[in-house]
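Only one structure is covered here, and it is reproduced in the block below.
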Amino acid sequence: MAFESLSDKLSRIFKKIKGQARLTESNMEDMLKEIRVALLEADVNYKVVKEFTNNIREKAIGQEVLTKLNPSQMLVKIVHEELVDLLGSDDAELHYPSSRPIVIMMVGLQGSGKTTTTGKLAYLMKNKLHKKVLLAACDVYRPAAIDQLDTLAKSVGVDIVNMGTKISPVEISKKAKEKAFNEHYDALIIDTAGRLQIDEQLMQELNDIKDAISPDEILLLVDAMAGQDAVNVANTFNSRLALTGVVMAKLDGDARGGAALSIAHMTGVPIKFSGVGEKVTDLDIFHPDRMADRILGMGDIMTLVEKAQEEIDEKEARRAANKMMAGKFDLEDMLKQMKQVQKLGSLGGLIKLIPGMPKITPEQQEAAEKEMRNIEVLINSMTPEERHNPEILKYSRKIRICNGSGKTPADLNRLLKKFEQMKEAMKKMEQYRKSGKMPPGGLGGLGGFGM
(Lines give C-alpha, C1' and ligand atoms only; values in the text may rest on other atoms or scores of the structure.)
Protein backbone atom coordinates (compact mmCIF):
# COMPACT_ATOMS: atom_id res chain seq x y z
CA MET A 1 0.00 0.00 0.00
CA ALA A 2 1.00 3.64 -0.51
CA PHE A 3 2.88 5.12 2.46
CA GLU A 4 4.30 1.74 3.49
CA SER A 5 7.91 2.86 3.18
CA LEU A 6 7.12 6.18 4.90
CA SER A 7 5.28 4.36 7.68
CA ASP A 8 8.27 2.06 8.28
CA LYS A 9 10.68 5.01 8.43
CA LEU A 10 8.50 7.02 10.82
CA SER A 11 8.11 3.97 13.07
CA ARG A 12 11.89 3.61 13.27
CA ILE A 13 12.30 7.33 14.04
CA PHE A 14 9.79 7.21 16.91
CA LYS A 15 11.29 3.99 18.23
CA LYS A 16 14.66 5.73 18.38
CA ILE A 17 13.13 8.68 20.25
CA LYS A 18 11.50 6.32 22.76
CA GLY A 19 14.97 5.05 23.58
CA GLN A 20 16.01 8.53 24.71
CA ALA A 21 15.70 9.28 28.42
CA ARG A 22 14.87 12.91 27.66
CA LEU A 23 14.24 14.90 24.52
CA THR A 24 16.60 17.79 23.94
CA GLU A 25 16.70 20.46 21.26
CA SER A 26 19.60 18.58 19.73
CA ASN A 27 17.98 15.16 19.38
CA MET A 28 14.66 16.77 18.37
CA GLU A 29 16.47 18.46 15.48
CA ASP A 30 17.95 15.08 14.54
CA MET A 31 14.44 13.59 14.56
CA LEU A 32 13.02 16.42 12.44
CA LYS A 33 15.84 15.99 9.95
CA GLU A 34 15.02 12.28 9.63
CA ILE A 35 11.31 13.06 9.21
CA ARG A 36 12.21 15.63 6.54
CA VAL A 37 14.27 13.05 4.62
CA ALA A 38 11.53 10.40 4.96
CA LEU A 39 8.90 12.77 3.56
CA LEU A 40 11.08 13.92 0.68
CA GLU A 41 11.84 10.30 -0.22
CA ALA A 42 8.07 9.70 -0.22
CA ASP A 43 7.84 12.39 -2.94
CA VAL A 44 6.13 14.99 -0.74
CA ASN A 45 6.53 18.53 -2.09
CA TYR A 46 9.54 20.20 -0.49
CA LYS A 47 7.52 23.32 0.50
CA VAL A 48 5.01 21.08 2.27
CA VAL A 49 7.85 19.22 4.03
CA LYS A 50 9.41 22.46 5.26
CA GLU A 51 6.12 23.77 6.63
CA PHE A 52 5.29 20.39 8.17
CA THR A 53 8.55 20.10 10.13
CA ASN A 54 8.44 23.76 11.18
CA ASN A 55 4.94 23.25 12.57
CA ILE A 56 6.09 20.21 14.54
CA ARG A 57 9.00 22.16 16.01
CA GLU A 58 6.81 25.11 17.00
CA LYS A 59 4.12 22.92 18.58
CA ALA A 60 6.69 20.84 20.46
CA ILE A 61 8.27 23.97 21.93
CA GLY A 62 4.89 25.60 22.57
CA GLN A 63 3.62 22.56 24.48
CA GLU A 64 6.94 22.23 26.36
CA VAL A 65 7.50 18.72 25.06
CA LEU A 66 11.20 19.00 25.87
CA THR A 67 10.46 19.24 29.59
CA LYS A 68 8.21 16.17 29.77
CA LEU A 69 9.41 12.82 31.09
CA ASN A 70 7.78 10.87 28.23
CA PRO A 71 8.04 13.22 25.25
CA SER A 72 7.78 10.58 22.51
CA GLN A 73 4.02 10.11 23.01
CA MET A 74 3.46 13.86 22.76
CA LEU A 75 5.55 14.04 19.59
CA VAL A 76 3.58 11.23 17.98
CA LYS A 77 0.39 13.12 18.84
CA ILE A 78 1.75 16.32 17.27
CA VAL A 79 2.92 14.50 14.11
CA HIS A 80 -0.48 12.81 13.86
CA GLU A 81 -2.28 16.16 14.07
CA GLU A 82 -0.03 17.63 11.38
CA LEU A 83 -0.58 14.62 9.09
CA VAL A 84 -4.35 14.96 9.45
CA ASP A 85 -4.05 18.66 8.63
CA LEU A 86 -1.89 17.86 5.57
CA LEU A 87 -4.32 15.25 4.28
CA GLY A 88 -7.22 17.68 4.63
CA SER A 89 -8.81 17.89 8.05
CA ASP A 90 -11.80 19.92 6.86
CA ASP A 91 -15.14 18.25 6.15
CA ALA A 92 -14.69 16.55 2.77
CA GLU A 93 -17.99 14.69 2.47
CA LEU A 94 -20.36 15.12 -0.44
CA HIS A 95 -23.14 17.55 0.38
CA TYR A 96 -26.55 16.52 -0.89
CA PRO A 97 -29.13 19.20 -1.78
CA SER A 98 -32.29 18.71 0.26
CA SER A 99 -34.87 18.70 -2.53
CA ARG A 100 -33.04 17.66 -5.72
CA PRO A 101 -30.40 15.22 -6.94
CA ILE A 102 -26.72 15.95 -6.43
CA VAL A 103 -24.96 16.49 -9.77
CA ILE A 104 -21.36 15.27 -9.96
CA MET A 105 -18.88 15.85 -12.81
CA MET A 106 -16.00 13.38 -13.04
CA VAL A 107 -12.97 14.92 -14.77
CA GLY A 108 -9.39 13.84 -15.41
CA LEU A 109 -6.79 12.93 -17.98
CA GLN A 110 -7.31 10.06 -20.41
CA GLY A 111 -5.99 6.76 -19.13
CA SER A 112 -6.33 7.67 -15.47
CA GLY A 113 -9.20 5.22 -14.94
CA LYS A 114 -11.94 7.85 -14.80
CA THR A 115 -14.70 5.73 -16.36
CA THR A 116 -13.93 2.79 -14.07
CA THR A 117 -13.91 5.11 -11.07
CA THR A 118 -17.27 6.56 -12.15
CA GLY A 119 -18.65 3.02 -11.94
CA LYS A 120 -17.03 2.52 -8.54
CA LEU A 121 -18.54 5.75 -7.24
CA ALA A 122 -21.97 4.66 -8.50
CA TYR A 123 -21.55 1.36 -6.63
CA LEU A 124 -20.50 3.11 -3.41
CA MET A 125 -23.39 5.58 -3.56
CA LYS A 126 -25.95 2.90 -4.35
CA ASN A 127 -24.84 0.17 -1.97
CA LYS A 128 -23.21 2.02 0.93
CA LEU A 129 -24.98 5.38 0.86
CA HIS A 130 -28.31 3.95 -0.42
CA LYS A 131 -28.81 6.47 -3.20
CA LYS A 132 -30.72 6.10 -6.47
CA VAL A 133 -27.98 6.82 -9.02
CA LEU A 134 -28.03 7.81 -12.69
CA LEU A 135 -24.90 7.80 -14.90
CA ALA A 136 -24.32 9.88 -18.05
CA ALA A 137 -21.87 8.81 -20.78
CA CYS A 138 -20.36 12.05 -22.10
CA ASP A 139 -17.05 10.75 -23.47
CA VAL A 140 -18.30 10.79 -27.08
CA TYR A 141 -14.77 10.61 -28.52
CA ARG A 142 -14.15 7.07 -27.30
CA PRO A 143 -16.96 4.61 -28.09
CA ALA A 144 -15.14 2.06 -25.94
CA ALA A 145 -15.56 4.35 -22.91
CA ILE A 146 -19.31 4.55 -23.52
CA ASP A 147 -19.54 0.75 -23.83
CA GLN A 148 -17.46 0.36 -20.68
CA LEU A 149 -19.70 2.69 -18.67
CA ASP A 150 -22.79 0.91 -20.01
CA THR A 151 -21.37 -2.42 -18.84
CA LEU A 152 -20.46 -0.96 -15.45
CA ALA A 153 -23.97 0.50 -15.04
CA LYS A 154 -25.49 -2.94 -15.65
CA SER A 155 -23.08 -4.69 -13.26
CA VAL A 156 -23.69 -2.12 -10.50
CA GLY A 157 -27.45 -2.02 -11.10
CA VAL A 158 -27.88 1.67 -11.89
CA ASP A 159 -29.43 3.51 -14.85
CA ILE A 160 -27.47 5.29 -17.56
CA VAL A 161 -28.07 7.98 -20.18
CA ASN A 162 -26.29 6.68 -23.29
CA MET A 163 -26.98 8.76 -26.39
CA GLY A 164 -24.07 7.47 -28.45
CA THR A 165 -21.34 9.52 -30.11
CA LYS A 166 -23.33 11.83 -32.44
CA ILE A 167 -24.67 14.24 -29.80
CA SER A 168 -22.50 16.81 -28.03
CA PRO A 169 -21.42 16.16 -24.41
CA VAL A 170 -23.16 19.40 -23.36
CA GLU A 171 -26.53 18.22 -24.74
CA ILE A 172 -26.12 14.76 -23.21
CA SER A 173 -25.36 16.25 -19.80
CA LYS A 174 -28.41 18.57 -20.03
CA LYS A 175 -30.70 15.65 -20.97
CA ALA A 176 -29.24 13.57 -18.14
CA LYS A 177 -29.86 16.33 -15.60
CA GLU A 178 -33.44 16.73 -16.83
CA LYS A 179 -34.02 12.97 -16.43
CA ALA A 180 -32.42 12.96 -12.96
CA PHE A 181 -34.71 15.77 -11.78
CA ASN A 182 -37.93 14.50 -13.41
CA GLU A 183 -37.50 10.88 -12.29
CA HIS A 184 -36.39 11.71 -8.74
CA TYR A 185 -32.88 10.30 -8.69
CA ASP A 186 -30.66 11.07 -5.69
CA ALA A 187 -27.48 11.48 -7.72
CA LEU A 188 -26.32 12.08 -11.29
CA ILE A 189 -22.69 11.24 -12.12
CA ILE A 190 -21.38 12.53 -15.44
CA ASP A 191 -18.39 10.78 -17.00
CA THR A 192 -16.64 13.42 -19.13
CA ALA A 193 -13.98 12.97 -21.80
CA GLY A 194 -10.29 13.09 -20.97
CA ARG A 195 -7.24 13.87 -23.07
CA LEU A 196 -3.74 12.48 -23.03
CA GLN A 197 -2.67 15.89 -21.80
CA ILE A 198 -4.40 19.08 -20.71
CA ASP A 199 -5.41 21.23 -23.67
CA GLU A 200 -7.62 24.24 -24.30
CA GLN A 201 -10.25 22.24 -26.21
CA LEU A 202 -10.69 19.85 -23.27
CA MET A 203 -10.97 22.66 -20.74
CA GLN A 204 -13.46 24.60 -22.87
CA GLU A 205 -15.70 21.56 -23.23
CA LEU A 206 -15.60 20.92 -19.48
CA ASN A 207 -16.41 24.57 -18.80
CA ASP A 208 -19.33 24.40 -21.25
CA ILE A 209 -20.73 21.35 -19.42
CA LYS A 210 -20.22 23.11 -16.09
CA ASP A 211 -22.05 26.21 -17.31
CA ALA A 212 -24.90 24.10 -18.73
CA ILE A 213 -25.66 21.97 -15.67
CA SER A 214 -24.17 23.85 -12.66
CA PRO A 215 -22.78 20.71 -10.93
CA ASP A 216 -22.71 20.48 -7.13
CA GLU A 217 -19.40 18.59 -7.22
CA ILE A 218 -16.52 18.53 -9.70
CA LEU A 219 -14.26 15.61 -8.79
CA LEU A 220 -10.82 15.17 -10.34
CA LEU A 221 -9.37 11.67 -10.59
CA VAL A 222 -5.60 11.59 -10.06
CA ASP A 223 -3.19 8.68 -9.87
CA ALA A 224 -1.22 8.27 -6.63
CA MET A 225 1.58 6.76 -8.75
CA ALA A 226 1.99 10.07 -10.62
CA GLY A 227 3.74 11.78 -7.69
CA GLN A 228 4.16 15.54 -8.02
CA ASP A 229 2.70 15.45 -11.55
CA ALA A 230 -0.64 14.75 -9.86
CA VAL A 231 -0.33 18.03 -7.94
CA ASN A 232 0.42 19.94 -11.16
CA VAL A 233 -2.60 18.39 -12.90
CA ALA A 234 -4.83 19.21 -9.92
CA ASN A 235 -3.64 22.83 -9.86
CA THR A 236 -4.39 23.26 -13.58
CA PHE A 237 -7.86 21.71 -13.40
CA ASN A 238 -8.66 23.64 -10.24
CA SER A 239 -7.67 26.98 -11.76
CA ARG A 240 -10.06 26.42 -14.68
CA LEU A 241 -12.96 24.52 -13.09
CA ALA A 242 -12.89 25.29 -9.35
CA LEU A 243 -12.72 21.66 -8.22
CA THR A 244 -14.64 20.55 -5.14
CA GLY A 245 -12.71 17.34 -4.52
CA VAL A 246 -10.12 14.80 -5.59
CA VAL A 247 -10.43 11.04 -6.04
CA MET A 248 -7.01 9.52 -5.38
CA ALA A 249 -6.60 6.28 -7.36
CA LYS A 250 -4.18 3.41 -6.67
CA LEU A 251 -3.62 4.11 -2.98
CA ASP A 252 -3.38 0.34 -2.61
CA GLY A 253 -0.31 0.19 -4.87
CA ASP A 254 3.36 0.79 -4.17
CA ALA A 255 3.14 4.55 -4.71
CA ARG A 256 5.29 6.51 -2.30
CA GLY A 257 2.27 8.54 -1.21
CA GLY A 258 3.70 12.01 -1.77
CA ALA A 259 0.83 13.07 -4.03
CA ALA A 260 -1.77 12.34 -1.36
CA LEU A 261 0.27 14.17 1.29
CA SER A 262 0.84 17.19 -0.96
CA ILE A 263 -2.29 17.65 -3.05
CA ALA A 264 -4.79 18.93 -0.48
CA HIS A 265 -2.27 21.35 1.01
CA MET A 266 -0.94 22.61 -2.33
CA THR A 267 -4.32 23.03 -4.05
CA GLY A 268 -6.77 23.58 -1.21
CA VAL A 269 -8.91 20.80 -2.74
CA PRO A 270 -9.77 17.93 -0.34
CA ILE A 271 -9.38 14.24 -1.15
CA LYS A 272 -12.92 12.83 -0.97
CA PHE A 273 -12.48 9.24 -2.16
CA SER A 274 -9.62 6.78 -2.50
CA GLY A 275 -9.28 3.88 -4.92
CA VAL A 276 -7.90 0.79 -3.21
CA GLY A 277 -8.12 -1.93 -5.87
CA GLU A 278 -9.36 -2.97 -9.29
CA LYS A 279 -12.83 -4.27 -8.36
CA VAL A 280 -15.95 -2.13 -8.56
CA THR A 281 -16.21 -2.37 -4.77
CA ASP A 282 -12.73 -0.90 -4.26
CA LEU A 283 -13.52 2.77 -3.65
CA ASP A 284 -13.59 4.18 -0.13
CA ILE A 285 -14.63 7.46 1.42
CA PHE A 286 -11.37 9.17 2.39
CA HIS A 287 -10.87 9.88 6.08
CA PRO A 288 -7.71 11.96 6.80
CA ASP A 289 -7.56 10.91 10.46
CA ARG A 290 -7.75 7.21 9.61
CA MET A 291 -5.05 7.54 6.95
CA ALA A 292 -2.83 9.36 9.47
CA ASP A 293 -3.38 6.46 11.90
CA ARG A 294 -2.22 3.98 9.26
CA ILE A 295 0.83 6.04 8.31
CA LEU A 296 1.90 6.10 11.97
CA GLY A 297 1.28 2.35 12.40
CA MET A 298 -1.78 2.85 14.64
CA GLY A 299 -4.09 0.66 12.56
CA ASP A 300 -7.60 1.65 11.48
CA ILE A 301 -10.24 0.00 13.63
CA MET A 302 -13.11 2.14 12.26
CA THR A 303 -12.49 0.97 8.68
CA LEU A 304 -12.20 -2.63 9.88
CA VAL A 305 -15.53 -2.34 11.71
CA GLU A 306 -17.20 -0.83 8.65
CA LYS A 307 -15.84 -3.61 6.43
CA ALA A 308 -17.21 -6.18 8.88
CA GLN A 309 -20.62 -4.52 8.97
CA GLU A 310 -20.78 -4.50 5.16
CA GLU A 311 -19.47 -7.99 4.47
CA ILE A 312 -20.21 -10.26 7.43
CA ASP A 313 -23.60 -11.86 7.95
CA GLU A 314 -24.45 -10.74 11.49
CA LYS A 315 -26.94 -13.56 12.17
CA GLU A 316 -24.50 -16.19 10.94
CA ALA A 317 -21.68 -14.69 13.02
CA ARG A 318 -23.86 -14.68 16.16
CA ARG A 319 -24.99 -18.25 15.55
CA ALA A 320 -21.38 -19.39 15.08
CA ALA A 321 -20.27 -17.54 18.25
CA ASN A 322 -23.01 -19.24 20.28
CA LYS A 323 -21.95 -22.65 18.93
CA MET A 324 -18.32 -21.92 19.76
CA MET A 325 -19.10 -20.92 23.33
CA ALA A 326 -21.33 -23.95 23.76
CA GLY A 327 -18.51 -26.27 22.64
CA LYS A 328 -20.39 -27.38 19.50
CA PHE A 329 -17.95 -25.87 17.02
CA ASP A 330 -17.23 -28.21 14.07
CA LEU A 331 -15.25 -28.16 10.81
CA GLU A 332 -18.24 -26.81 8.87
CA ASP A 333 -18.32 -23.81 11.24
CA MET A 334 -14.57 -23.37 10.88
CA LEU A 335 -14.92 -23.18 7.09
CA LYS A 336 -17.80 -20.69 7.31
CA GLN A 337 -15.84 -18.44 9.68
CA MET A 338 -12.81 -18.55 7.41
CA LYS A 339 -14.92 -17.51 4.41
CA GLN A 340 -16.40 -14.63 6.40
CA VAL A 341 -12.89 -13.38 7.17
CA GLN A 342 -11.85 -13.74 3.51
CA LYS A 343 -14.70 -11.40 2.51
CA LEU A 344 -12.94 -8.58 4.37
CA GLY A 345 -9.94 -8.59 2.03
CA SER A 346 -6.37 -9.81 2.01
CA LEU A 347 -4.80 -11.00 5.25
CA GLY A 348 -2.01 -8.44 4.98
CA GLY A 349 -4.52 -5.64 4.45
CA LEU A 350 -6.56 -6.68 7.50
CA ILE A 351 -3.52 -6.89 9.75
CA LYS A 352 -2.58 -3.30 8.86
CA LEU A 353 -5.97 -2.16 10.18
CA ILE A 354 -5.44 -3.75 13.62
CA PRO A 355 -3.42 -1.62 16.06
CA GLY A 356 -0.35 -3.30 17.52
CA MET A 357 -0.32 -6.22 15.10
CA PRO A 358 3.13 -7.17 13.82
CA LYS A 359 3.75 -6.72 10.11
CA ILE A 360 3.89 -9.81 7.96
CA THR A 361 6.11 -10.28 4.95
CA PRO A 362 4.64 -11.05 1.51
CA GLU A 363 6.03 -14.58 1.94
CA GLN A 364 4.22 -15.01 5.27
CA GLN A 365 1.00 -13.68 3.78
CA GLU A 366 1.28 -16.04 0.81
CA ALA A 367 1.93 -18.99 3.14
CA ALA A 368 -1.06 -18.10 5.33
CA GLU A 369 -3.38 -17.70 2.34
CA LYS A 370 -2.13 -21.00 0.89
CA GLU A 371 -2.92 -22.66 4.24
CA MET A 372 -6.44 -21.23 4.12
CA ARG A 373 -6.93 -22.56 0.58
CA ASN A 374 -5.69 -25.99 1.74
CA ILE A 375 -8.16 -25.93 4.62
CA GLU A 376 -11.06 -25.10 2.29
CA VAL A 377 -10.17 -27.86 -0.19
CA LEU A 378 -9.73 -30.45 2.56
CA ILE A 379 -13.02 -29.65 4.32
CA ASN A 380 -14.86 -29.62 0.98
CA SER A 381 -13.52 -33.14 0.36
CA MET A 382 -15.19 -34.44 3.53
CA THR A 383 -18.69 -35.81 3.90
CA PRO A 384 -21.21 -33.81 5.98
CA GLU A 385 -20.89 -36.43 8.71
CA GLU A 386 -17.09 -36.02 8.82
CA ARG A 387 -17.34 -32.23 8.98
CA HIS A 388 -19.74 -32.37 11.91
CA ASN A 389 -17.92 -35.21 13.69
CA PRO A 390 -14.17 -34.94 12.93
CA GLU A 391 -13.40 -37.51 15.64
CA ILE A 392 -14.48 -40.25 13.19
CA LEU A 393 -11.62 -39.36 10.84
CA LYS A 394 -9.52 -42.50 11.04
CA TYR A 395 -6.85 -43.79 8.66
CA SER A 396 -9.03 -44.95 5.74
CA ARG A 397 -11.16 -41.79 5.75
CA LYS A 398 -8.06 -39.59 5.89
CA ILE A 399 -6.54 -41.37 2.87
CA ARG A 400 -9.79 -40.90 0.91
CA ILE A 401 -9.94 -37.18 1.80
CA CYS A 402 -6.29 -36.63 0.82
CA ASN A 403 -6.74 -38.45 -2.47
CA GLY A 404 -9.88 -36.46 -3.24
CA SER A 405 -8.34 -33.10 -2.37
CA GLY A 406 -4.85 -33.65 -3.77
CA LYS A 407 -3.37 -32.80 -0.36
CA THR A 408 -1.02 -34.74 1.89
CA PRO A 409 -1.75 -36.46 5.21
CA ALA A 410 0.49 -33.80 6.80
CA ASP A 411 -1.83 -31.07 5.44
CA LEU A 412 -4.87 -32.83 6.88
CA ASN A 413 -3.24 -33.47 10.25
CA ARG A 414 -2.22 -29.80 10.44
CA LEU A 415 -5.85 -28.79 9.79
CA LEU A 416 -7.15 -31.12 12.50
CA LYS A 417 -4.53 -29.88 14.97
CA LYS A 418 -5.51 -26.27 14.28
CA PHE A 419 -9.17 -27.16 14.69
CA GLU A 420 -8.47 -28.72 18.09
CA GLN A 421 -6.47 -25.62 19.11
CA MET A 422 -9.40 -23.41 18.18
CA LYS A 423 -11.83 -25.60 20.11
CA GLU A 424 -9.55 -25.52 23.16
CA ALA A 425 -9.21 -21.73 22.90
CA MET A 426 -13.01 -21.44 22.78
CA LYS A 427 -13.39 -23.54 25.92
CA LYS A 428 -10.91 -21.34 27.76
CA MET A 429 -12.65 -18.19 26.53
CA GLU A 430 -15.97 -19.48 27.85
CA GLN A 431 -14.39 -20.28 31.21
CA TYR A 432 -12.87 -16.82 31.46
CA ARG A 433 -16.14 -15.26 30.34
CA LYS A 434 -18.02 -16.99 33.13
CA SER A 435 -15.38 -15.99 35.67
CA GLY A 436 -15.31 -12.39 34.41
CA LYS A 437 -11.55 -12.49 33.87
CA MET A 438 -9.49 -12.00 30.72
CA PRO A 439 -7.14 -14.79 29.61
CA PRO A 440 -3.41 -14.11 30.00
CA GLY A 441 -1.53 -13.61 26.72
CA GLY A 442 -4.59 -12.99 24.55
CA LEU A 443 -6.63 -15.51 22.56
CA GLY A 444 -3.98 -18.06 21.72
CA GLY A 445 -4.93 -20.05 18.65
CA LEU A 446 -7.90 -18.00 17.46
CA GLY A 447 -7.85 -17.33 13.78
CA GLY A 448 -4.18 -18.23 13.35
CA PHE A 449 -4.44 -19.81 9.93
CA GLY A 450 -0.89 -20.56 8.90
CA MET A 451 0.52 -17.79 11.12
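Atom-to-atom distance recorded for Leu94:CG and Glu217:CD is 5.0 Å, nearest 0.5 angstrom. The distance from the CD1 atom of Ile35 to the CG atom of Leu40 is 12.0 Å, given to the nearest 0.5 Å. In this structure, Leu335 CG and Asp330 CG are separated by 10.0 Å, a value rounded to the nearest 0.5 Å. In this structure, NZ in Lys398 is found 11.5 Å from CG in Leu378, a value given to the nearest 0.5 Å. One finds the CD1 atom of Ile285 at 8.5 Å from the CG atom of Leu283 (value rounded to the nearest 0.5 Å).
A donor-acceptor contact shorter than 3.5 Å is absent between the side chain of Thr53 and the backbone of Leu32. Counting only distance, with no hydrogens or angles, the side chain of Asp411 and the backbone of Thr408 share a donor-acceptor pair below 3.5 Å.
Here the shortest heavy-atom pairing between His265 and Val48 reads CD2-CG2, 3.8 Å. The two residues Thr267 and Val231 come nearest to each other via the heavy atoms CG2-O, 4.3 Å.
A salt bridge links Glu371 with Arg414: at least one charged nitrogen is closer than 4.0 Å to a carboxylate oxygen. Ionic pairing of Lys120 and Asp282 is not present here: no N-O contact between side-chain nitrogen and carboxylate oxygen is shorter than 4.0 angstrom.
Note on residues 130-140: pairs passing side chain to side chain donor-acceptor pair (under 3.5 Å), not counting sequence neighbours, are Asp139-Arg142.
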Exercise for review: Output, in order, the C-alpha distance, side-chain angles, deciding distance and verdict of salt bridge (charged side-chain N to carboxylate O under 4.0 Å, His left out) for Asp216 and Arg100.
Suggested key: CA-CA 11 Å; Asp216 302 288; Arg100 61 178 179 80; 2.8 Å; yes
Q. Given the rule in the salt bridge (charged side-chain N to carboxylate O under 4.0 Å, His left out) test, do Asp191 and Lys114 qualify, once you have shown the distances and angles that lead to the verdict?
A. CA-CA 7 Å; Asp191 181 34; Lys114 181 167 45 58; 3.3 Å; yes
Fill in: Evaluation steps, side chain to side chain contact (heavy atoms under 4.5 Å, CB included), between Lys126 and Asp186
CA-CA 10 Å; Lys126 176 179 181 285; Asp186 298 311; over 6 Å; no
